[in-house]
Amino acid sequence: MAAKLLAWYDREGRTLPWRIRPGAEETPDPYKVWLSEVMLQQTTVKAVLPRYGRFLGRWPRVEDLAAAPLGDVLAEWAGLGYYARARNLHACARVVAEEHCGEFPSTEAGLKKLPGIGDYTAAAIASIAFNEPATPVDGNIERVMARLFALKTPLPEAKPEIKAMAASLTPPDRPGDFAQALMDLGAQICTPKRPACGLCPIRPDCEGLAEGLAEVLPYKAEKAERPTRLGTAFLGVRADGAVLLRERPPKGLLGGMLEVPSTPWGPKDAAEPLAFAPLEADWRMTVGLVEHTFTHFHLKLQVYAAAVPEDATLSEAAEPERCRWVARRDLASAALPSVMRKVLRQGLGE
DNA sequence: GACTCGTGGGT
DNA sequence: TACCCAAGAGT
């Protein structure tokens with residue numbers, strides 16, 4: 001099975017900037033493997049491609065990343081989502097630079113001690129960058145294994161079983177290529193919907209296909225429904241065009257990123273939203289409603305706007321020590337998450 | 001084990 | 001439209 005899959009991978013595998021082509025002389029750079037793996041966590045290859053190049057160009061070595069201010073890293077990450085990844089990436093770079101002389105640990109166990117590196121990423125780096133006999137299991141590999149073995153146990157209950165199956169198939173000589181081959185198979189052939197079984201190199205081995213279940217596996221536990229949260233945001237604009245923004249607390253949702261100041265987001269609107277305004281002004285509801293969907297809730301943000309004088313005093317309710325005026329031309333490169341870019345786009349016109 | 005934590009694209 | 005889903009980690 002592994003041999004057939006590897007032969008397919010050598011022939012049909014994707015060419016990606018962080019990947020060394022099978023058979024090449026070059027040896028993988030653990031820094032690049034790590035960076036790509038963290039960026040790819042729950043994120044599509046398409047979304048990562050342009051960001052990976054920018055990131056690497058700005059911070060070519062782990063020491064460069066370690067020396068950067070966190071705010072710069074968050075700004076570069078803006079729009080990619082799951083911002084704890086960027087915070088952990090930065091923390092991890094500092095640990096590697098300062099405590100490991102700039103060299104990543106080569107074992108799965110050593111890697112897993114680092115911030116932002118969990119089961120999957122530790123096994124991925126160990127196998128891909130260091131040729132260690134580790135078996136990463138991502139969503140693709142879960143799907144491929146569930147189908148290959150016609151596994152009817154639903155996820156996430158099936159995870160230990162799947163890990164054992166994948167480990168039993170991993171060839172000792174090419175663990176990293178095998179993992180990447182499974183991931184490419186999952187991304188290109190063994191897709192979640194309408195898998196291209198006719199093109200699959202391991203079709204004869206697939207018990208799921210034999211049982212007519214390839215398309216419906218893996219089974220999954222039902223997920224909770226998403227509630228809706230409401231809030232009111234205050235877009236203050238100075239005569240020179242600068243916008244009032246605020247840094248969010250360092251952890252939690254959008255931690256460390258910039259936001260348009262707002263009321264807390266709750267199941268109901270604040271009774272007196274204006275009590276949360278960052279300053280006294282003629283707030284008007286001209287912008288309207290901005291809607292955004294996060295992983296586990298929908299947000300409906302009512303946006304007020306006001307022209308603000310140069311000498312306006314920030315109110316204590318807005319926590320002025322976290323506030324700053326940002327020039328219009330600096331917005332593009334600021335640490336603004338997508339939901340806040342949506343607010344600005346709608347509020348500043350376009 | 002169950003939550004929290006983003007975003008954009010595909011169906 | 002309303003889901004589903006993507007090279008998951010931390011608590």
Side-chain angles (χ1 to χ4, degrees), chain A residues 13-14 16 18-19 32-52 74 77-89 91-92 111-129 134-144 154-160 163 166 176-188 190-194 215-216 218 220-229 248-257 259 291-299 335-342:
Chain A
R14 293 173 290 183
L16 299 167
W18 49 83
R19 182 180 277 183
K32 295 180 182 175
V33 173
W34 165 68
L35 176 62
S36 67
E37 288 300 341
V38 174
M39 277 195 171
L40 286 162
Q41 288 167 6
Q42 296 291 285
T43 307
T44 56
V45 168
K46 185 184 174 186
V48 166
L49 276 172
R51 303 307 199 93
Y52 173 79
L74 288 174
W77 201 272
L80 266 182
Y82 284 143
Y83 299 98
R85 290 186 296 170
R87 302 194 298 269
N88 286 329
L89 192 83
C92 183
L111 287 159
K112 223 191 133 179
K113 290 178 182 156
L114 297 169
I117 299 185
D119 289 337
Y120 164 78
T121 307
I125 299 172
S127 61
I128 296 171
T135 304
V137 178
D138 74 325
N140 288 303
I141 297 178
E142 282 178 354
R143 185 171 59 255
V144 171
L155 287 168
E157 187 187 339
K159 285 193 174 190
K163 171 96 176 179
D177 283 344
F178 181 69
Q180 294 181 92
L182 283 176
M183 290 190 267
D184 277 24
L185 189 75
Q188 299 183 312
C190 197
T191 49
K193 292 173 184 174
R194 298 168 63 100
E215 194 144 3
V216 299
K220 294 192 174 182
E222 291 185 31
K223 42 194 84 169
E225 60 181 278
R226 275 193 279 237
T228 297
R229 293 188 199 171
R248 292 178 61 88
K251 290 184 179 179
L253 185 71
L254 308 177
M257 302 292 285
E259 66 177 353
E291 297 189 56
H292 188 80
T293 300
F294 293 98
T295 307
H296 55 294
F297 67 94
H298 300 286
L299 177 66
L336 285 161
S338 292
V339 59
M340 292 302 154
R341 291 190 184 274
K342 206 181 285 188

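Below, chains carry the letters A, B, ... as their sequence lines are ordered, and counting in each starts from 1. Source: prediction; values computed, not measured.
- Among the atoms of the strands shown, none is found under 4.0 Å from any heavy atom of A:Gly186.
- Relative to the side chain of A:Leu253, the nucleotides B:dC5, C:dA7, C:dC4 differ in distance, and B:dC5 lies closest.
- Taking only side-chain nitrogens and oxygens, A:Gln42 never comes nearer than 4.0 Å to OP1 or OP2 of C:dA6.
- As a whole-Å value, the separation of A:Leu155 CG from C:dA6 P is 10 Å.
- Nucleic acid contact class of A:Pro136 (heavy atoms, under 4.0 Å, all strands): none.
- Residue A:Thr43 is in base contact, counting any heavy-atom pair closer than 4.0 Å across all strands shown.
- Along DNA chain C, the nucleotide nearest A:Ile128 and the nucleotide nearest A:Pro115 are compared for position; the residue whose nucleotide lies closer to the 5' end is A:Ile128.
- Between A:Tyr82 and B:dT4 there is no side-chain N or O to OP1 or OP2 distance below 4.0 Å.
- OP1 or OP2 of C:dC5 has at least one side-chain nitrogen or oxygen of A:Lys223 nearer than 4.0 Å.
- No side-chain donor-acceptor contact under 3.5 Å links A:Arg85 and A:Gln41.
- As judged by a 4.0 angstrom heavy-atom cut-off over every strand, A:Val339 is placed among residues touching the sugar-phosphate backbone only.
- For the pair A:Leu299 CG and B:dT7 C1', the computed distance is 14 Å after rounding to whole Å.
- The phosphate of C:dC3 (OP1 or OP2) has no side-chain N or O of A:Arg226 nearer than 4.0 angstrom.
- Rounded to a whole Å, the NZ atom of A:Lys193 is 16 Å from the P atom of B:dG9.
- Between A:Leu49 atom CG and A:Leu16 atom CG the span is 6.5 Å, to the nearest 0.5 Å.
- Across C:dA7, C:dC5, B:dC5, the shortest atom-to-atom separation from the side chain of A:Glu37 is found for C:dA7.
- When the P atom is used for both C:dA7 and B:dT11, the distance is 14 Å, rounded to whole Å.
- For C:dA9, one of the phosphate oxygens OP1 or OP2 lies less than 4.0 angstrom from a side-chain nitrogen or oxygen of A:Thr121.
- In this structure, A:Arg229 forms a cation-pi arrangement with A:Phe297, its terminal cationic atom sitting closer than 6.0 Å to the ring centre and no more than 45° off the ring axis.
- In this entry the distance linking CD of A:Glu291 with C1' of B:dT7 reads 16 Å, nearest Å.
- Atom pair A:Glu225:CD and B:dC3:C1' shows a separation of 16 Å (rounding to whole Å applied).
- Look at the C1' atom in both B:dT7 and C:dT11: the space between them is 23 Å, to the nearest Å.
- Using a 4.0 Å cut-off between charged side-chain N and carboxylate O, A:Lys159 and A:Glu142 make a salt bridge.
- Here A:Arg143 lies in heavy-atom contact (under 4.0 Å) with sugar-phosphate atoms only.
- No engagement by A:Arg51 is indicated, since no non-hydrogen atom pair under 4.0 Å with the nucleic acid exists.
- When the P atom of C:dC4 is taken as reference, atom CD of A:Glu142 falls 16 Å away, rounded to whole Å.
- Atom OH of A:Tyr120 is separated from atom CG of A:Leu40 by 7.0 Å, given to the nearest 0.5 angstrom.
- Comparing A:Lys251 and A:Leu40, the nucleotide of DNA chain C nearest to each residue sits closer to the 5' end for A:Leu40.
- Salt bridge absent: A:Arg143 and A:Asp138 never bring a charged side-chain N and a carboxylate O closer than 4.0 Å.
- A straight line from CG of A:Leu80 to C1' of B:dC5 spans 14 Å, rounded to a whole angstrom.
- Within 4.0 Å of A:Trp34, counting heavy atoms only, lies no atom of the nucleic acid at all.
- Checking B:dT7, C:dA7, C:dA6 against the side-chain heavy atoms of A:Lys220 singles out C:dA6 as nearest.
- The NE2-P distance, from A:His298 to C:dC3, rounds to 7 Å in whole Å.
- Regarding contacts with the backbone of C:dA7, every side-chain N or O of A:Thr44 stays at 4.0 angstrom or more from both OP1 and OP2.
- Annotation: of the two residues near DNA chain B, A:Thr295 and A:Glu157, the 5′-most nearest-nucleotide partner is A:Glu157.
- Side-chain atoms of A:Leu16 lie closest to C:dA7 of the nucleotides B:dG6, C:dA7, B:dT11.
- Here the two rings, on A:His296 and A:Phe294, have centers that are 6.0 Å apart or farther.
- An OP1 or OP2 oxygen of B:dC3 is reached within less than 4.0 angstrom by no side-chain nitrogen or oxygen of A:His296.
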